[in-house]
Amino acid sequence: QVQLVESGGGLVQAGGSMRLSCAVSGGAFSMYTMGWFRQAPGKEREFVAAIRRSSSTTSYADSVKGRFTVSRDNAKNTVYLQMNSLKPEETAVYYCAVRLASSDIYYQISRPASYDYWGQGTQVTVSS
């Protein structure tokens with residue numbers, strides 16, 4: 001059973017930075033495409049970023065390009081999300097997720113339904 005634990009959330013002022021971590025256990029981490037999603041109250045879960053299993057290439061939602069960076073450390077079974085220039089509207093619960101399938105085109109890795117395991121989420125609150 002694959003388990004994910006996010007950490008690093010909290011309260012930050014608008015324009016500030018925060019780094020989220022997601023530790024993965026119970027599987028072959030280097031073989032997983034990892035995704036970050038977020039969900040604000042009353043809204044659907046939305047794609048933020050992903051890092052592919054094979055090439056470690058990355059993809060981002062347009063809204064975060066240039067401000068957020070996803071990375072992974074396969075030796076530590078951990079994926080990170082560095083968030084800079086945060087905005088109040090980015091207040092949400094942030095989730096990391098594991099995708100087991102080998103295909104990793106953008107259409108697939110940007111959809112929550114394409115992921116097999118999820119963490120419990122970590123709250124990020126950006127104050128104005």
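In this text the structure is predicted, and so the values were computed from the model without any measurement.
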Examine distances only and state if a side-chain atom of Thr33 and a backbone atom of Arg53 form a donor-acceptor pair shorter than 3.5 Å. yes
Going from OH on Tyr95 to CD on Glu46, what distance comes out if it is rounded to the nearest 0.5 angstrom? 12.5 Å
Do Val126 and Leu20 belong together in a cluster built from hydrophobic side chains that touch within less than 4.5 Å? yes
Summary of salt bridge (Lys or Arg N to Asp or Glu O under 4.0 Å) pairs that have at least one residue in residues 115-128, sequence neighbours excluded: none
Thr57: what forms a side-chain contact (heavy atoms from CB on, under 4.5 Å) with it, not counting sequence neighbours? Arg52, Ser55
Under a 4.5 Å side-chain heavy-atom rule over Ile, Leu, Val, Met, Phe, Trp and Tyr, are Met18 and Phe68 clustered together? yes
Let me check something: any side-chain donor-acceptor pairs from residues 22-32 under 3.5 Å, sequence neighbours excluded? List them with distances.
unit_1, atom_1, unit_2, atom_2, d
Tyr32, OH, Ala28, N, 3.0

Using a 3.5 Å cut-off and no angle test, enumerate the donor-acceptor pairs between side-chain atoms of residues 108-115 and protein atoms at least two apart in sequence or in another chain.
unit_1, atom_1, unit_2, atom_2, d
Gln108, OE1, Ser103, OG, 3.0
Gln108, NE2, Ser103, OG, 3.3
Ser110, OG, Tyr106, O, 2.8
Ser110, OG, Tyr107, O, 3.4
Ser114, OG, Gln108, O, 2.8
Tyr115, OH, Ile109, O, 2.7

Expected output: side-chain Thr122 to main-chain Gly9 donor-acceptor under 3.5 Å: yes
Does some side-chain heavy atom of Val79 sit less than 4.5 Å from a side-chain heavy atom of Ser71? no
Can you tell me how far OG1 of Thr78 sits from CE of Met34, rounded to the nearest 0.5 angstrom? 9.0 Å
Taking every non-hydrogen atom, the tightest pair across Ser17 and Ser85: OG-N, 4.3 Å
Nearest atoms (heavy-atom pairs only) where Cys96 meets Leu4: SG-CD2, 3.6 Å
Of all heavy-atom pairs between Asn77 and Asn74, which one has the smallest distance, and what is that distance? OD1-O, 3.1 Å
Residues that Lys65 engages under side-chain contact (heavy atoms from CB on, under 4.5 Å), provided they are two or more places apart: Tyr60, Asp62
Can you list everything that forms a salt bridge (charged side-chain N to carboxylate O under 4.0 Å, His left out) with Glu90? Sequence neighbours excluded, please. Arg38, Arg67
Taking all non-hydrogen atoms of both residues, which atom of Leu81 and which atom of Ala49 are closest, and how far apart? CD1-CB, 4.2 Å
Approximate separation, where rounding is to 0.5 Å, of Met83 CE and Tyr94 OH: 5.5 Å
Count I, L, V, M, F, W, Y as connected when their side-chain heavy atoms are under 4.5 Å apart, and connections chain through other members. Are Val12 and Val48 then in the same cluster? yes
Are any of the side-chain heavy atoms of Glu6 and Gln120 separated by less than 4.5 Å? yes
Of all heavy-atom pairs between Ala14 and Ser128, which one has the smallest distance, and what is that distance? CB-CA, 4.4 Å
Do you reckon Val93 sits in the same ILVMFWY cluster as Tyr80, going by side-chain contacts under 4.5 Å, direct or chained? no
For Ala40 and Thr91, work out which heavy atoms get closest and say how close. CB-O, 3.7 Å
Just do the ring pair (Phe, Tyr, Trp, His ring centres under 6.0 Å) check on Trp118 and Phe37 with the steps written out, would you? CA-CA 10 Å; Trp118 292 82; Phe37 293 79; 5.1 Å; yes
